[in-house]
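Heads up, the thing below is written out as structure tokens.
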Protein chains: 2
Amino acid sequence: MQQVDIPRTQTRDIVDALKARIFSGELRPGTRLIETELARDFDVGRGPVREAFRVLVGEGHLQSHAHRGVLVRRYTREELLEMGCAREVLESLAARLAAEKTLTEEERSALRASQDRMNVAEAEQDLDTYSRENRNYHTLIETIADNAHVADLIERVRVPYLGLRLPQLFAVDQLRQSNEGHRLVTYAILAGAADVAEAAMRSHIRAGNAHTAQLPDELF
Amino acid sequence: MQQVDIPRTQTRDIVDALKARIFSGELRPGTRLIETELARDFDVGRGPVREAFRVLVGEGHLQSHAHRGVLVRRYTREELLEMGCAREVLESLAARLAAEKTLTEEERSALRASQDRMNVAEAEQDLDTYSRENRNYHTLIETIADNAHVADLIERVRVPYLGLRLPQLFAVDQLRQSNEGHRLVTYAILAGAADVAEAAMRSHIRAGNAHTAQLPDELF
DNA sequence: GCAGATATTATTGTTGACAATAAAGTAGTT
DNA sequence: AACTACTTTATTGTCAACAATAATATCTGC
């Protein structure tokens, strides 16, 4: 479940470091990144920094304007909804694929364990944990679905930066409703009911999108 | 319908040139690309070439191994099927979105014109033209669907390199069947029948995937 | 002749200096 | 004060030389 040989290179290090900073919220959307500064910070030349930028632009985490540098990607509400639309079909595809497969015993228990953790977080109304476990849950389903390309595409329509602030906007009844959706998906996959899994996941994601649509303007 | 200001930069030029060579089949999958050679060919330094590589790796056209350079991406049959799976849901989503929209008169006639061109190619059994028009057709639907993210994702699960050889493998009755699918999609979109458009596109793509599954081994 | 160690070579990884560009600032005119 | 033309500055784009790595060829001892 782990690739062994990833020769470290400066570009790779910078890519990972920047990605971590973006995901953690340390680098806010719209922040401009200056090659020289980062080169100094990381104590490397500008070449590797530039290449890291190109990688991150490719992954959609940065946006670049020629001769004007790069900045941490901003999402408009419209973009988020466009992405949600794609996520809906992709994640429900993943759920279907997972349900269609004959699961190994490890996969079954991993799925149950993940669901349990979310249940606990729900019961304790621990929004932070729930948010983290939610992400793990979806990743787990992608892993089980065993389709690297689909997983890759889903990764592209996930929004990283709201991660830290979204929990605070998550009301408790939304949490219950969200986990209700998860349980449906979980049991459908365990039961091998592909159609149910797909449909359940679709409406689960759709509910999330409806939530995004109502986010206050100041978040964009 | 056209963005105006794209400041040309060497990296951009190289990216475009390489992409063209890959799509045209001039650069075959598995071909190793050497920075120095390309730098000489394009008469530039190695920096821009390296950055272009990173962009193309990000777009999935090249694959890179640290310290061992990049090569034109190879697809295994399994990968192609994985991608087809994702394409299925994404393209049918695009068809649905297109059908749900109230089309402008331009969009309606563009769609009819595209369908007409494919009909002609079908009648004349011009596989080459049909293949090209087929691609344009799908792109047109994405444009009409008006969801940049979905279009972007579809671009990622399209296989460029078989473009030139696939026509030769395309039997005439497959061509007829393929265009039959297009007609269904076209009329469904024009009629605003979202469900039909989605379902028709889905089975259209699925038929294509079934075809890929049966490609001879020597193509991989 | 062959396995292993050692040198050679081709190629990528990295850097610091220079050129080109766009933005910010300044002066001069009305 | 507002407008333009020019100058300055910050930053990106580019290059050519050097360092590090992996693949290849050569040598050595058996």
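Here is how names work: the chains are called A, B, and so on, in the same order as the sequence lines, proteins then strands, and each is numbered from 1.
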Nearest whole angstrom, please: distance from the [atom2] of [N] to the [atom1] of [X].
X       : N      : atom1 : atom2 : result
B:Ile14 : D:dC15 : CD1   : C1'   : 12 Å
B:Glu37 : C:dT11 : CD    : P     : 7 Å
B:His65 : C:dA10 : NE2   : P     : 22 Å
A:Arg40 : D:dA10 : CZ    : C1'   : 13 Å
A:His67 : D:dT9  : NE2   : C1'   : 17 Å
B:Asp13 : D:dT14 : CG    : C1'   : 13 Å
A:Arg54 : D:dG13 : CZ    : P     : 6 Å
B:Glu51 : C:dT15 : CD    : P     : 14 Å

Have a look at B:Gly69 and say if it touches a base, only the backbone sugar-phosphate, or nothing, with a 4.0 Å heavy-atom cut-off.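 Answer is sugar-phosphate: B:Gly69 comes under 4.0 Å of backbone atoms only.
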Let me spell it out: for each of B:Thr36 and A:Gly45, pick the nucleotide of DNA chain C with the closest heavy atom. Which residue's pick is nearer the 5' end?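 Its nearest nucleotide being more 5', the pick is B:Thr36.
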Need to verify one output field. Residue with the more 5' nearest nucleotide on DNA chain C, A:Pro48 or B:Glu35?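 It is B:Glu35 whose nearest nucleotide is closer to the 5' end.
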Decide whether B:Glu198 and B:Ser92 meet the rule of one side-chain donor and one side-chain acceptor closer than 3.5 Å.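 Note: B:Glu198 and B:Ser92 side chains miss the donor-acceptor criterion.
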Any side-chain donor near an acceptor of the partner, B:Gln115 and B:Asn179, under 3.5 Å: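 Yes, a side-chain donor-acceptor pair sits under 3.5 Å.
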Would you call B:Glu51-A:Arg50 a salt bridge at under 4.0 Å N-O?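 Looking at B:Glu51 and A:Arg50, the cut-off is met.
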Compare side-chain N and O positions of [X] against OP1 and OP2 of [N] and report whether any pair is under 4.0 Å apart.
X       : N      : answer
A:Thr9  : D:dA20 : no
A:Arg68 : C:dA23 : yes
B:Arg50 : C:dT12 : no
B:Ser64 : C:dT12 : no

Output the single nucleotide from D:dC15, C:dT15, C:dT11 whose closest atom is nearest the side chain of B:Arg32.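 Nearest to the side-chain atoms of B:Arg32, counting from C-beta on, is C:dT11.
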If you check every side-chain atom of B:Ile34, which of D:dC15, C:dT12, D:dG13 has the closest atom?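 Of the options given, the side chain of B:Ile34 lies nearest C:dT12.
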Go through the N and O atoms of the side chain of A:Arg12 and the base of C:dG13, and report whether any donor-acceptor pair is under 3.5 Å.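 Looking at the base of C:dG13, it does not pair with any donor or acceptor on the side chain of A:Arg12 (distance under 3.5 Å).
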Between A:Asn209 and A:Leu81, is there a donor-acceptor pair closer than 3.5 Å when you use the side chain of the first and the backbone of the second?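 Absent.
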A:Val70 and its side-chain contact (heavy atoms from CB on, under 4.5 Å) partner, picked from A:Ile34, A:Leu56, A:Leu33: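 Among A:Ile34, A:Leu56, A:Leu33, the one that satisfies the side-chain contact (heavy atoms from CB on, under 4.5 Å) with A:Val70 is A:Leu33.
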